Visitor: 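Mind having a look at this structure? Questions to follow.
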Amino acid sequence: MQLTKKLIVANWKSNKSLAEAEEWIAQFSQQERRSEYEYVVCPPYPALVPVSRQKESLYSVGIQDLSAYGAGAYTGEVSTPNLAGLGVRYAILGHSERRRYLNESSSLVAQKIETALESNITPIVCIDRDQFQDQADQIDKSFYEKIIIAYEPVHAISTFGGHEDPIAVTLEAVAEVRDIFGSVPVLYGGSVDPNDSIVYLGEKTIDGVLVGSASLDAQKFAQL
Ligand code: PGA
């Protein structure tokens, strides 16, 4: 797949009450945004309803996970039929926090990719450098051209230390991703904030950023 604009993806993780989410949307609508970017907001599920009810088209709507199953007896899961009518366009899948804290396996992530694609939701698949090939091997090769990859070194994620690699190391990893997946869009994530976002967004081979802590503040997010 090819993106027409670089993606700026907000991953709120398990942050924000409903009221805080509404406040964020109101603030974001007042910020100057850059037309060369597509903003994507991935809230926790309860905030999906207000996030999806934007009056003007401020951003695209995404989710942070998805059930591998359809509607039915899967207690606690959120299935694609549950999401109907909410305009969800993207799903972050296989985030390293889910792999680490919830033991999410690459084969489960692969099933979720299939489920998302069946519902026309574009998967943003997070992969780890030391396991690029293993994680890729679990994914049906016919899906490679339909997904977006997010390269997030675990040590660079703000809550795991926030140690960003030199850009040359990141570009090497991005090239490795394309050696495996072909010409997929690749996002970078890990402590991106308004002070350094241009380091990544200024690179031709990086198609956008996946942003955790800096996305919690609407003003900061708009400044990326
Ligand atoms: P961070 O999170 O920007 O807070 O490092 C990124 C992520 O985990 O997606």
Side-chain angles (χ1 to χ4, degrees), residues 3 6-16 20-21 24 28 31 34 37-45 47-48 51 59-66 88-104 106 108-109 112-113 116 121-132 135 147-167 169-171 173-174 177 184-203 206-224:
L3 299 176
K6 294 209 174 198
L7 291 190
I8 313 285
V9 184
N11 176 10
W12 288 355
K13 308 190 179 183
S14 299
N15 294 295
K16 291 198 186 296
E20 287 165 344
W24 189 101
F28 187 68
Q31 306 300 314
R34 303 179 52 163
Y37 297 150
E38 177 181 347
Y39 298 91
V40 182
V41 179
C42 304
Y45 278 121
L48 198 53
V51 162
Y59 48 72
S60 302
V61 179
I63 45 179
Q64 303 169 20
D65 183 37
L66 178 65
V88 173
R89 292 190 51 193
Y90 298 96
I92 300 171
L93 298 176
H95 191 281
S96 56
E97 288 153 10
R98 298 195 59 80
R99 294 183 193 266
R100 177 183 285 213
Y101 300 132
L102 301 158
N103 292 325
E104 193 159 292
S106 295
L108 181 60
V109 173
K112 292 181 176 186
I113 292 171
I121 294 173
T122 301
I124 298 175
V125 184
C126 303
I127 56 171
D128 301 313
R129 192 171 190 180
D130 52 345
Q131 294 167 46
F132 275 174
Q135 292 177 348
I147 63 177
I148 295 169
I149 296 292
Y151 167 59
E152 293 202 301
V154 174
H155 56 263
I157 294 178
S158 60
T159 45
F160 291 147
H163 300 300
E164 287 173 79
D165 291 322
I167 185 70
V169 174
T170 301
L171 293 179
V174 168
V177 170
V184 283
V186 182
L187 313 184
Y188 169 79
S191 297
V192 177
D193 65 22
N195 297 320
D196 68 0
S197 54
I198 195 61
V199 172
Y200 303 104
L201 292 167
E203 290 294 338
I206 297 181
D207 298 289
V209 286
L210 177 53
V211 187
S213 46
S215 75
L216 297 175
D217 180 314
Q219 205 177 358
K220 267 196 196 165
F221 187 61
Q223 284 166 0
L224 288 164

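Not measured: the values here are computed from a predicted model. Computed over heavy atoms, backbone and side chain alike; hydrogens, waters and symmetry mates excluded. Whatever order the structure lists them in is the order used to number ligands and atoms, beginning at 1.
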Visitor: Would you please say whether a donor-acceptor pair under 3.5 Å links the side chains of Ser191 and Ser158?
Guide: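 Absent: no donor and acceptor within the cut-off.
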Visitor: For Phe28, give me all partners under ring pair (Phe, Tyr, Trp, His ring centres under 6.0 Å), at least two apart in sequence or on another chain.
Guide: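 Expected list: Trp24, Tyr39, Phe221.
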Visitor: N or O contacts of ligand 1 with protein under 3.5 Å, please list pair by pair.
Guide:
{"from": "ligand 1", "atom 1": "2 (O)", "to": "Lys13", "atom 2": "NZ", "distance (Å)": "3.3"}
{"from": "ligand 1", "atom 1": "2 (O)", "to": "Gly212", "atom 2": "N", "distance (Å)": "3.4"}
{"from": "ligand 1", "atom 1": "3 (O)", "to": "Ser191", "atom 2": "N", "distance (Å)": "3.4"}
{"from": "ligand 1", "atom 1": "3 (O)", "to": "Gly212", "atom 2": "N", "distance (Å)": "2.8"}
{"from": "ligand 1", "atom 1": "4 (O)", "to": "Ser158", "atom 2": "OG", "distance (Å)": "2.5"}
{"from": "ligand 1", "atom 1": "4 (O)", "to": "Ser213", "atom 2": "N", "distance (Å)": "2.9"}
{"from": "ligand 1", "atom 1": "4 (O)", "to": "Ser213", "atom 2": "OG", "distance (Å)": "3.1"}
{"from": "ligand 1", "atom 1": "5 (O)", "to": "Ser158", "atom 2": "N", "distance (Å)": "2.7"}
{"from": "ligand 1", "atom 1": "5 (O)", "to": "Ser158", "atom 2": "OG", "distance (Å)": "3.4"}
{"from": "ligand 1", "atom 1": "5 (O)", "to": "Ser191", "atom 2": "N", "distance (Å)": "2.8"}
{"from": "ligand 1", "atom 1": "8 (O)", "to": "Lys13", "atom 2": "NZ", "distance (Å)": "2.7"}
{"from": "ligand 1", "atom 1": "8 (O)", "to": "His95", "atom 2": "NE2", "distance (Å)": "2.8"}
{"from": "ligand 1", "atom 1": "9 (O)", "to": "Asn11", "atom 2": "ND2", "distance (Å)": "3.4"}
{"from": "ligand 1", "atom 1": "9 (O)", "to": "His95", "atom 2": "NE2", "distance (Å)": "3.1"}
{"from": "ligand 1", "atom 1": "9 (O)", "to": "Glu152", "atom 2": "OE1", "distance (Å)": "3.4"}
{"from": "ligand 1", "atom 1": "9 (O)", "to": "Glu152", "atom 2": "OE2", "distance (Å)": "2.8"}

Visitor: Any Lys/Arg nitrogen of Arg98 or Asp65 sitting under 4.0 Å from an Asp/Glu carboxylate oxygen of the other?
Guide: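 Counted as a salt bridge, because a side-chain N and a carboxylate O are separated by less than 4.0 Å.
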Visitor: Among side-chain atoms of Ser96 and Glu152, is any donor-acceptor pair under 3.5 angstrom?
Guide: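 No - no donor-acceptor pair under 3.5 Å links their side chains.
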Visitor: Any salt bridge between Glu97 and Lys13, counting N to O under 4.0 Å?
Guide: yes
Visitor: For Glu203, is there an ion pair with Lys6 - N to carboxylate O distance below 4.0 angstrom?
Guide: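 No, this pair does not count.
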